[in-house]
Amino acid sequence: MIRGTIKVDTEICKGCELCITACPQKSLGLSNNINSHGFKYVELIQDNCTGCINCALVCPDSAITVYRQSKNSIKQNKKVTV
Amino acid sequence: MINKCEIEDLELVYEKPKTLTDTPMHYCPGCGHGVINKLIMEVIDELKIQDKTVGVAPVGCAVFEYRYMDIDMIEAPHGRASAVATGVKRVNPDKYVFSYQGDGDLAAIGTSETIHTVNRGENILMLFINNAIYGMTGGQMAPTTLIGQKTSTSPFGRSVKNNGFPLNITELISKLDGAFYVTRHSVHKPNSVRKLKKAIQKSFEYQKENKGTCFIEVISNCPAGWGMTPLKSNEWLEENLIPKYPLGDIKVPTKN
Ligand SMILES: Cc1ncc(C[n+]2csc(CCOP(=O)(O)OP(=O)(O)O)c2C)c(N)n1
Ligand code: SF4
Ligand code: SF4
Ligand code: SF4
Ligand SMILES: [Mg+2]
């Protein structure tokens with residue numbers, strides 16, 4: 001499986017949950033914590049993200065940055081640890 | 001929370017476009033305006049036309065988008081964005097010019113400007129954000145509001161008898177000779193976002209070739225005005241708005 005991960009800008013996130021629904025891997029959930037604006041923010045709740053960018057595409061506040069295992073390491077079938 | 005990630009050789013695959021400023025957006029949580037603003041800037045980033053693009057935003061919830069879009073922006077009076085964009089394009093034919101207008105703006109107070117801009121075939125991109133309501137002013141009925149849809153000025157639902165039929169202005173202007181490319185999209189799913197981005201790309205390419213008016217309607221949500229959560233609003237959009245305003249190309253350029 002291709003491995004990926006995301007970074008959420010927790011101060012920008014408004015907790016709208018659109019990314020949670022858009023994630024085919026069900027990797028995302030709302031945190032129990034709130035940011036300084038009073039919004040619960042999104043976080044990874046499973047380590048099965050594939051870096052498909054669906055969550056970032058639908059995020060109205062551009063709060064998500066996505067990373068993926070490089071093509072090189074996929075080719076070499078490198079072991080990854082998350 | 002899972003925050004430790006030690007994937008070897010991580011590659012950045014998606015980040016916020018560089019031409020979108022870091023200013024937090026004032027839109028309500030889950031509002032489609034944010035996605036559309038971001039997409040326009042992604043295209044401008046990729047085409048490397050930041051210093052060659054002028055946007056025109058009138059009154060409506062996107063009135064502050066000049067804070068987010070790091071390009072030259074002009075504010076237009078309500079309804080007049082396409083007229084202002086016409087002027088900008090005519091004196092700066094080398095610039096890429098777009099207007100960004102809500103349904104209250106483009107299809108109500110600005111109906112005349114909309115029709116005549118397209119009829120003249122002005123070489124601009126008109127982005128029409130249809131959320132079937134006046135979002136900014138507190139959720140009043142718009143020309144695009146559906147039959148039966150409750151708004152603050154149609155508390156029992158829009159009725160044909162009192163309010164007439166929902167106005168499908170995009171189909172209307174598509175019949176005009178000046179309309180070169182007319183298409184309808186949404187941003188409620190990852191794939192719809194991808195398709196809209198392609199349509200914006202195409203429109204700027206057509207504009208470079210002086211083809212005439214490109215018109216993109218985006219069916220968007222207004223969770224605050226509709227009185228729904230963002231997730232519910234996207235479901236409602238899919239079940240109600242899209243059947244009335246079907247997605248896809250309405251007028252595509254003929255070959256040659
Ligand atoms: C000349 C004039 N008339 C009325 C208004 C009040 N007004 C501000 S925004 C708006 C409607 C906005 O609706 P829409 O264009 O659909 O944008 P949205 O907020 O839904 O994105 C109205 C009527 C105004 N600002 N100027
Ligand atoms: S990148 Fe894809 S898999 Fe990873 S969290 Fe986002 S939507 Fe889910
Ligand atoms: S879509 Fe964006 S703003 Fe909404 S919950 Fe996800 S990260 Fe937060
Ligand atoms: S009022 Fe509606 S259109 Fe305006 S920002 Fe809020 S959700 Fe978006
Ligand atoms: Mg509107």
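Quick caveat, the model's predicted, so the values are computed rather than measured. Below, chain A is the first sequence line, B the second, and so on; all start at residue 1. Note: hydrogens, waters and symmetry copies are ignored here, and every other heavy atom, side chains too, is used.
Atom CG of residue B:Leu10 and atom CZ of residue A:Arg68 lie 11.0 Å apart, to the nearest 0.5 angstrom.
Across B:Glu15, B:Met25, B:Lys38, B:His188, the residue that shares the most heavy-atom pairs under 4.5 angstrom with chain A is B:Lys38. Put simply, of A:His37, A:Glu17, A:Lys14, the one with the most heavy-atom pairs under 4.5 Å next to chain B is A:Lys14. Here B:Val13 is the residue among B:Val35, B:Val13, B:Ile36 with the most heavy-atom pairs under 4.5 Å with chain A. Counting heavy-atom pairs closer than 4.5 Å to chain B, the top residue among A:Cys59, A:Ala22, A:Cys52, A:Gly51 is A:Cys59.
Between A:Cys16 and B:Gly30, the closest heavy-atom pair is CB-N, 3.4 Å. Closest heavy-atom contact between A:Leu57 and B:Pro190: CD1-O, 3.9 Å.
Within the structure, every pair that satisfies the side-chain hydrogen bond (donor to acceptor under 3.5 Å, both in side chains) test and touches residues 48-61 of chain B, not counting sequence neighbours, is listed here: B:Gln50-B:Asp70. Applying the ring-ring contact (aromatic ring centres under 6.0 Å, His included) rule to pairs touching residues 31-65 of chain B yields B:His26-B:Phe64, B:Tyr27-B:His33, B:His33-B:Tyr100, sequence neighbours excluded.
Side chain of B:Lys189 to main chain of A:Val58: no donor-acceptor pair is present (N/O by atom type, distance under 3.5 Å, no hydrogens or angles). For B:Lys16 (side chain) and A:Asp61 (main-chain N/O), no donor-acceptor pair under 3.5 Å exists by modelled atom type.
Checked against B:Tyr14 for a side chain to side chain contact (heavy atoms under 4.5 Å, CB included), the options A:Thr65, A:Ile53, A:Ile6, A:Ile64 give a single hit: A:Ile53.
Near-neighbour residues of residues 215-238 of chain B relative to chain A, defined by a heavy atom under 4.5 Å from a heavy atom of that chain, comprise B:Pro230, B:Leu231, B:Asn234. Scanning residues 191-205 of chain B against chain A with a 4.5 Å heavy-atom cutoff picks out B:Val193, B:Arg194, ordered by number.
Looking at B:Leu20, the atoms closer than 4.5 Å to chain A (heavy atoms on both sides) all sit in the side chain, from C-beta outward. Residue A:Cys55 does not touch chain B at all, counting heavy-atom pairs closer than 4.5 Å. Only the side chain of A:Ile12 comes within less than 4.5 Å of a heavy atom of chain B; its backbone N, CA, C and O stay farther away.
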